[in-house]
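One is the number of the first residue; the rest follow in order along the sequence. In each ligand, atom 1 is the first atom listed, and ligand 1 is the first ligand listed. Because only heavy atoms are used, hydrogens play no part in the values below, and waters and symmetry mates are left out as well, while side chains stay in.
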Amino acid sequence: MLKTAPDKYQDIRDAVRALCAGFPDEYHRRIDAQRGYPEEFVDALTKAGWLAALIPQEYGGSGLGLAEASVIMEEINRSGGNSGACHGQMYNMGTLLRHGSDAQKQACLPRIASGELRLQSMGVTEPSTGSDTTRIRTTAVRQGDRYVVNGQKVWISRVQHSDLMILLARTTPLDEVRKKSEGMSIFLVDLRDAIGKGLTVRPIPNMVNHETNELFFENLEVPAANLIGEEGRGFKYILDGLNAERTLIAAECIGDGYWFIDRVTKYVNERVVFGRPIGQNQGVQFPIAEAYIELEAANLMRWKACELFDAQQPCGAQANMAKHLAATASWQAANACLQFHGGFGFADEYDVERKFRETRLYQVAPISTNLVLAYVAEHLLGLPRSY
Ligand SMILES: Cc1cc2nc3c(=O)[nH]c(=O)nc-3n(C[C@H](O)[C@H](O)[C@H](O)COP(=O)(O)OP(=O)(O)OC[C@H]3O[C@@H](n4cnc5c(N)ncnc54)[C@H](O)[C@@H]3O)c2cc1C
């Protein structure tokens, strides 16, 4: 394995690597070919407590920081696995932890920590509004002791492998609020009660083996007790959780990037063409070296984002920039890895094409590259808002 600078998280790295070693390339390749869910892998991670890293100890988690959590995600991807199957279980509960009532937290967090309950899904994106979240059309209307939800969501991941979902819906019409970010609320939806009783789930076959769905809400009743925090403040609550999500995704991309660099350096050292290893050619070395440099730089921004988050300092800029740098670097590494495997890069058995598809997603989700650039332009450079 590629040598990287030692850090203080070696114990976590060793333990996660040991677990992941039980799930070799063949396992992930088979699940990908079947478009299946890596149930045994996710169970093993859950039982070992890794997905409960961010849950405080008083609720049965390990109460670790974002830095440690990010190492767990990085190592999963570096091992050849894909955290996308389960990363929601690690960070979606943050919304509940920060904004839920004591009763909600007591009822859910210990059971999420033990894995008895999965909170792997978050329903925000809608087909007609895309990145323009404040214009969502899904509504939740209070009727007595419940809310009635109508509308549609798209690209909502892991619904079939989750018991609970955080749902963002409009509770006050857009034309009745002062600011368009107001008037939205978040709910904890019990998927076991909802599916077939107002919620229809339609899977979206897609390029990656990433379980994701269209959701249709038709008079779905959600108990008013499942409102998280105050009505109307849901958009702010969701935003609060995004910095953790973006930083963890950055770490996953860094794990992917190291995986690509590991594989490609090994391959180009061994593959002999024109009587010498292809890795002896500068035309082969330089793109790999460049991807590695970008990856190391992205890693520094990831640590900065973790440090600020764990110190409860504002970290929106660093989380966005870390995600952008890491997604770009892993994609660069993926391209070099595929290119220098020649035809073999396209063969399933090398796993390069699978990881190539997986890491490509992070240019688009959970936030697209352009939207990160627009954030930096507006919030860091003081340029006029462009959208
Ligand atoms: C596999 C997968 C899993 C996902 N899982 C979830 C999930 O669990 N929950 C959830 O809520 N969502 C999920 N998403 C949705 C994801 O967050 C969105 O796809 C993403 O935010 C982009 O939104 P959009 O697809 O509607 O693209 P659009 O908003 O339609 O944008 C399309 C393109 O136009 C560009 N663009 C749009 N506006 C501007 C602008 N003002 N300036 C410059 N460029 C612009 C974007 O950068 C993008 O490249 C998932 C998506 C995928 C593909």
If you count the atoms of ligand 1 from 1 in the order shown, which ones are under 4.0 Å from a heavy atom of Gly130? 26 (O), 29 (O)
Would you say atom 30 (O) of ligand 1 touches the protein, meaning some protein heavy atom is under 4.0 Å from it? no
Within a distance under 4.0 Å of any heavy atom of Met122, pick out the atoms of ligand 1 and give their elements. 7 (C), 8 (O), 9 (N), 10 (C), 11 (O)
Check: Gln332/Tyr292 side-chain N/O donor and acceptor closer than 3.5 Å: no
Qualifying residue for side chain to side chain contact (heavy atoms under 4.5 Å, CB included) with Val208, from Arg354, Glu358, Arg360: Glu358
How far is atom 22 (C) of ligand 1 from its nearest protein heavy atom, and which residue and atom is that? Ser131 OG, 3.8 Å
Regarding Arg385 and the six-membered ring of Tyr387, is the cationic atom NZ or CZ under 6.0 Å from the ring centre and inside 45° of its axis? yes
Assess whether side-chain contact (heavy atoms from CB on, under 4.5 Å) is satisfied between Asn209 and Asn82, documenting all intermediate values. CA-CA 9 Å; Asn209 180 29; Asn82 181 9; over 6 Å; no
Considering distance alone, does some N or O of Val124 sit under 3.5 Å from an N or O of ligand 1? yes
From the list Val149, Leu199, Val148, side chain to side chain contact (heavy atoms under 4.5 Å, CB included) partner of Val222 resolves to Val149
Quiz question for you: does at least one protein heavy atom lie closer than 4.0 Å to atom 42 (N) of ligand 1? no
In a check of side chain to side chain contact (heavy atoms under 4.5 Å, CB included) between Val154 and each of Val124, Thr125, Thr212, which one passes? Thr125
Do me a favour and list the nearest non-hydrogen protein atom to atom 7 (C) of ligand 1 with residue, atom name and distance? Trp155 O, 2.9 Å
Which residue and heavy atom of the protein sit nearest atom 44 (N) of ligand 1, plus the separation: Asn370 ND2, 3.0 Å
Can you tell me the protein heavy atom closest to atom 17 (O) of ligand 1 and the distance? Pro366 O, 3.3 Å
Would you say that more than 12 heavy atoms from the other residues, nucleotides or ligands in this model lie under 6.0 Å from the CZ of Arg357, or not? yes
Among Ala377, Gly123, Pro127, Ser157, the residue with a heavy atom nearest to atom 3 (C) of ligand 1 is Ser157
Heavy atoms only: which of Thr125, Val364, Leu373 is nearest to atom 10 (C) of ligand 1? Thr125
Exercise: do His379 and Asn320 side chains pair donor with acceptor under 3.5 Å: no
Does Leu361 approach ligand 1 within less than 4.0 angstrom via side chain, backbone, both or neither, non-hydrogen atoms only? side chain
Ala374 near ligand 1, heavy-atom distance under 4.0 Å? no
Is any side-chain heavy atom of Ile204 less than 4.5 Å from a side-chain heavy atom of Glu214? yes
Would you mind checking which non-hydrogen protein atom is closest to atom 47 (O) of ligand 1, with the distance to 0.1 Å? Ser368 OG, 2.6 Å
With a 3.5 Å cut-off and no angle check, do the side chains of Thr138 and Glu126 form a donor-acceptor pair? yes
Does some non-hydrogen atom of the protein lie less than 4.0 angstrom from atom 34 (O) of ligand 1? no
Pick whichever of Ile204, Leu371, Val372 has a heavy atom sitting closest to atom 37 (C) of ligand 1. Leu371
